[in-house]
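Single-structure report; data block below.
Nothing fancy with the numbering, it's 1 onward along the sequence.
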Amino acid sequence: MIVTVTLNAALDVTYEVEALIPHGSHRVTQVLRRRAGGKGVNVARVLAALGHRTLVTGFAGGATGRVIRADLRAAGLADALVPVADDSRRTVTVVSRRDGDATVFNEPGARVSTAEWEDFADRFPRLVRDAHVVVLSGSLPPGLPSDAYAELIRASHEAGAATVLDTSGSALLDALSAGPDVVKPNAAEILEATGRQDVARAAADLRTHGAKAVVVSRGPEGLLAVTRTESWRAVPPERLAGNPTGAGDACVAALAAGLVDGLTWDAVLREAVALSAAAVPCPLAGDFDARLHHRFRTHVALEKISAAHTY
């Protein structure tokens, strides 16, 4: 089983407009979907579509939280979301029909009290006791300590589960001391967190501070992976137009599935690039084009890099 942790779950609302024009008034041509979201929820959707058993956990509160849980049930995704008093957040994605670009507005999220966080932390070891992999994704909601992910990573390791972390800023840096098995920032996030100007050196910094492996998503340029023994570049076979917001979550799903299946790093990276690329044409995060995924997985360009060139 793969447990996905979304501490800042959301109700995702996706609008389609003809074109997104700064300072302009827009008529929404279509409301593409209102559904449960947050990065870990999106990961769970992809994993479920791949045939993996998942459990969604995190926080949900208020009327929005009830809608989130109802949508998870409708999607057949098991959840163990812990209630909070504050109302869960909404995210709004505006997709331009003209060029396929997406603009995302993220609310900060429900404030979590100290008592609510302690309740979740007490429940967490029971939630992950049967997990093979625990995925921890997204921002921390207001009220949580910046080392919240570190505490959950340690509890996951004590339960015998591997961990995949996808977050940014202080939440990322403060989690490294717990030794996450895989960390997956994007290029902008890792450069901002480390203060570096080179992605490979930034990945090496995260490894030095505790990450066992670092996989950096670089948009259409694919992935850079730095592990204990080797480093890789993996590039998709073609560039696709569409909404890239779900590509990172699809990549994380592939990394988690690869850990469960015991794949070698080259196989994991091929799958991660193929799956994330297949998510780009889909307007909703958590979806992917199965035909593109099948076609891409045998055409990913993979290059093993020597340590001298990586660091």
Side-chain angles (χ1 to χ4, degrees), residues 2 4 12 14 16 30 32-33 35 37 39-54 75-77 93 95-102 104 133 135 137 164 166 182 184-187 199 213 215-227 230-305:
I2 301 174
T4 68
D12 287 345
T14 304
E16 181 184 75
Q30 187 178 181
L32 295 176
R33 193 70 184 266
R35 70 176 185 180
K39 295 177 74 63
V41 172
N42 299 334
V43 171
R45 289 186 190 277
V46 175
L47 288 168
L50 295 172
H52 289 275
R53 187 163 64 99
T54 65
L77 295 173
T93 300
V95 179
S96 167
R97 291 181 60 184
R98 180 175 298 174
D99 53 23
D101 284 348
V104 184
V133 175
V135 175
S137 293
V164 181
D166 179 13
V182 183
K184 195 227 68 73
N186 63 36
V199 168
V215 178
V216 184
S217 55
R218 302 186 298 162
E221 296 181 13
L223 301 176
L224 171 72
V226 179
T227 74
E230 54 199 7
S231 300
W232 302 83
R233 286 194 189 96
V235 181
E238 60 186 79
R239 294 194 175 204
L240 298 169
N243 176 10
T245 56
D249 300 329
C251 177
V252 171
L255 297 174
L259 288 175
V260 167
D261 295 336
L263 301 182
T264 58
W265 269 108
D266 58 336
V268 170
L269 295 174
R270 289 184 194 278
E271 181 69 6
V273 169
L275 195 59
S276 57
V280 171
C282 299
L284 301 177
D287 293 346
F288 65 93
D289 186 313
R291 289 176 297 177
L292 287 178
H293 173 222
H294 181 74
R295 176 159 65 89
F296 287 167
R297 66 201 314 183
T298 57
H299 292 84
V300 172
L302 195 65
E303 176 192 4
K304 194 171 183 178
I305 312 166

Study note, to complete from the structure: Between A278 and P281 the two heavy atoms that sit nearest each other are O-CD, 3.5 Å
Review point. Would D12 and N42 count as a side chain to side chain contact (heavy atoms under 4.5 Å, CB included) if you check the C-alpha gap in whole Å, the side-chain angles of each, and the deciding distance to 0.1 Å?
Key: CA-CA 10 Å; D12 287 345; N42 299 334; 4.1 Å; yes
Check your understanding: What pairs with D287 under salt bridge (Lys or Arg N to Asp or Glu O under 4.0 Å), at least two apart in sequence or on another chain?
Key -> R35
Point to revise | Minimum heavy-atom distance between A250 and S276, given as atom pair plus value | key: CB-CA, 3.9 Å
Review point. Quick one: does D266's side chain get under 4.5 Å of W232's, heavy atoms only?
Key: yes
**Study point:** Minimum heavy-atom distance between G40 and S137, given as atom pair plus value
**Key:** N-CB, 3.6 Å
Check your understanding: Does some side-chain heavy atom of V215 sit less than 4.5 Å from a side-chain heavy atom of L224?
Key -> no
Review point. Do the side chains of L275 and L50 get nearer than 4.5 Å, heavy atoms only?
Key: yes
Practice item. Under the ring pair (Phe, Tyr, Trp, His ring centres under 6.0 Å) rule, collect the residues that match up with H293, sequence neighbours excluded. Key: F288
Review point. Would a distance-only check, ignoring hydrogens and angles, find a side-chain to backbone donor-acceptor pair under 3.5 Å from D261 to L263?
Key: no
Review point. Got a donor-acceptor contact below 3.5 angstrom from the R218 side chain to the A187 backbone?
Key: no
**Study point:** T4: which of V41, V133, L47, D249 passes side chain to side chain contact (heavy atoms under 4.5 Å, CB included)
**Key:** L47
Point to revise | Taking every non-hydrogen atom, the tightest pair across P220 and V235 | key: O-CG1, 4.4 Å
Review point. So, K304 versus S231: side-chain donor-acceptor pair below 3.5 Å or not?
Key: no
**Study point:** Euclidean distance, H294 NE2 relative to D289 CG, rounded to 0.5 Å
**Key:** 12.0 Å
Exercise for review: Please name all residues satisfying salt bridge (Lys or Arg N to Asp or Glu O under 4.0 Å) with R53, sequence neighbours left out, ordered by chain then number.
Suggested key: none
Exercise for review: List the atom of A285, the atom of G246, and the distance in Å for their closest heavy-atom pair.
Suggested key: CB-CA, 3.7 Å
Check your understanding: Is there side-chain contact between K39 and D166, with at least one heavy-atom pair below 4.5 Å?
Key -> yes
Check your understanding: Are the side chains of V226 and V216 in touch, meaning some heavy atoms are under 4.5 Å apart?
Key -> no
**Study point:** Within-4.5 Å side-chain heavy-atom neighbours: L284 and T93
**Key:** no
Check your understanding: Do the non-hydrogen side-chain atoms of R270 and R297 ever get within less than 4.5 Å of each other?
Key -> no
Point to revise | Any side-chain heavy-atom pair of T14 and V95 under 4.5 Å | key: yes
Review point. For A272 and L223, which heavy atoms make the closest approach, and how far apart are they?
Key: CB-CD1, 3.7 Å
Review point. Checking side chain to side chain contact (heavy atoms under 4.5 Å, CB included) against L259, which of I2, V164, V135 comes through?
Key: V164
Point to revise | Atom pair SG/NZ of C251 and K184 - distance to nearest 0.5 Å | key: 5.5 Å
